[in-house]
J.: 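Input: one structure, supplied below.
In what follows, every heavy atom counts, from backbone to side chain, and hydrogens, waters and symmetry copies are set aside.
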Amino acid sequence: MKKLCIFFVSMLFITCNTSESSKPVFEEKVNLEEDSLIETTLILDSISTDQDSLINFEKDSVRNAYENDLSLEIKEIEEEKIDPISEDCMLFLEDYAAAISSFSSLLESIDKNPENINLIIARSSQEEQMYAYSSNPQMFQCIQNEAFQKQVDILNNKRDKLISK
């Protein structure tokens with residue numbers, strides 16, 4: 001009887017172990033399904049990342065074209081969507097761009113007619129006027145805005161390129 005009881009108890013353990021071993025197989029299938037869901041999610045995330053990088057590339061190329069364009073026209077930049085430039089500060093930027101354009105035109109006139117003393121005298125006055133924008137009190141008020149600061153940097157780079165021609 002003892003042997004029979006041991007036999008049944010051991011069969012019970014084996015049966016319990018067998019049912020538990022079938023359970024992990026089911027869990028593995030679930031895990032596989034979860035893994036495939038994770039893989040799908042990762043694939044979708046990588047597609048959206050690719051699209052984001054494409055959009056960023058387009059924005060960067062537009063930004064580079066604007067920065068390399070020497071027309072001195074003030075165009076909206078990405079930072080302005082986050083923190084818009086006030087109307088007074090935008091007028092200041094336009095005045096600064098006009099001063100740069102005027103000075104650049106004067107330099108071209110001097111190059112065409114280097115003996116004209118009036119142009120040479122006007123150069124120092126206009127150059128001083130153009131560089132005075134950097135110490136203008138309105139500049140200090142507006143420079144707190146990141147978009148304004150970036151626009152000033154762009155204008156300064158354009159100024160340097162125009163002057164160094």
J.: Backbone N or O of Ala122 within a donor-acceptor pair of the Ser125 side chain at under 3.5 Å?
T.: no

J.: Have a look at Arg159 and tell me which of Asn157, Asn156, Leu155 forms a side-chain contact (heavy atoms from CB on, under 4.5 Å) with it.
T.: Asn156

J.: With a 3.5 Å distance limit and no angle check, can you tell me whether Ser101 reaches the backbone of Ala97 through a side-chain donor-acceptor pair?
T.: no

J.: Could you list all the salt bridge (Lys or Arg N to Asp or Glu O under 4.0 Å) pairs where at least one residue sits in residues 127-137, not counting sequence neighbours?
T.: Arg123-Glu127

J.: Does any donor atom in the side chain of Gln151 or Glu79 lie under 3.5 Å from an acceptor atom in the other side chain?
T.: no

J.: State, yes or no, whether a side-chain contact exists between Leu106 and Met130 at a heavy-atom distance under 4.5 Å.
T.: no

J.: Please find the pair of heavy atoms, one from Ser124 and one from Ile121, that lie closest to each other, and give the distance.
T.: OG-O, 3.2 Å

J.: If you look at every heavy atom in Leu162 and Ile100, which pair is closest and at what distance?
T.: CD1-CG2, 4.1 Å

J.: Who are the ring-ring contact (aromatic ring centres under 6.0 Å, His included) partners of Tyr133, not counting sequence neighbours?
T.: Phe92, Tyr96

J.: Could you tell me which non-hydrogen atom of Glu80 sits nearest to which non-hydrogen atom of Ala147, and how far apart they are?
T.: CG-CB, 3.5 Å

J.: Does a side-chain heavy-atom distance below 4.5 Å link Glu108 with Ser104?
T.: yes

J.: How long is the gap from CD1 on Ile74 to CG on Asp95, to the nearest 0.5 Å?
T.: 10.0 Å

J.: Roughly how far apart are Phe148 CZ and Cys142 SG, rounded to 0.5 Å?
T.: 4.5 Å

J.: Answer yes or no: are there more than 12 heavy-atom neighbours, outside Glu146 itself, under 6.0 Å from its atom CD?
T.: no

J.: State whether the side chain of Asn116 and the backbone N or O of Ile110 hold a donor-acceptor pair below 3.5 Å, judged by distance alone.
T.: no

J.: Taking it one step at a time, do Val152 and Met139 satisfy side-chain contact (heavy atoms from CB on, under 4.5 Å)?
T.: CA-CA 9 Å; Val152 169; Met139 172 74 88; 4.0 Å; yes

J.: So does Ser109 get a backbone contact from the side chain of Asn113, meaning a donor-acceptor N/O pair under 3.5 Å?
T.: no

J.: Out of curiosity, Gln141 CD to Gln138 CD, how far, rounded to the nearest 0.5 Å?
T.: 6.5 Å

J.: Atom CG of Asp83 and atom NZ of Lys150: how far apart are they, to the nearest 0.5 Å?
T.: 15.0 Å

J.: Determine, using the 4.5 Å side-chain heavy-atom cutoff (strictly less than), whether Tyr131 and Ile120 are members of one ILVMFWY cluster.
T.: no

J.: Say whether Ile154 and Leu91 are linked into one hydrophobic cluster, either directly or through other cluster members, by side-chain heavy-atom distances under 4.5 angstrom.
T.: no

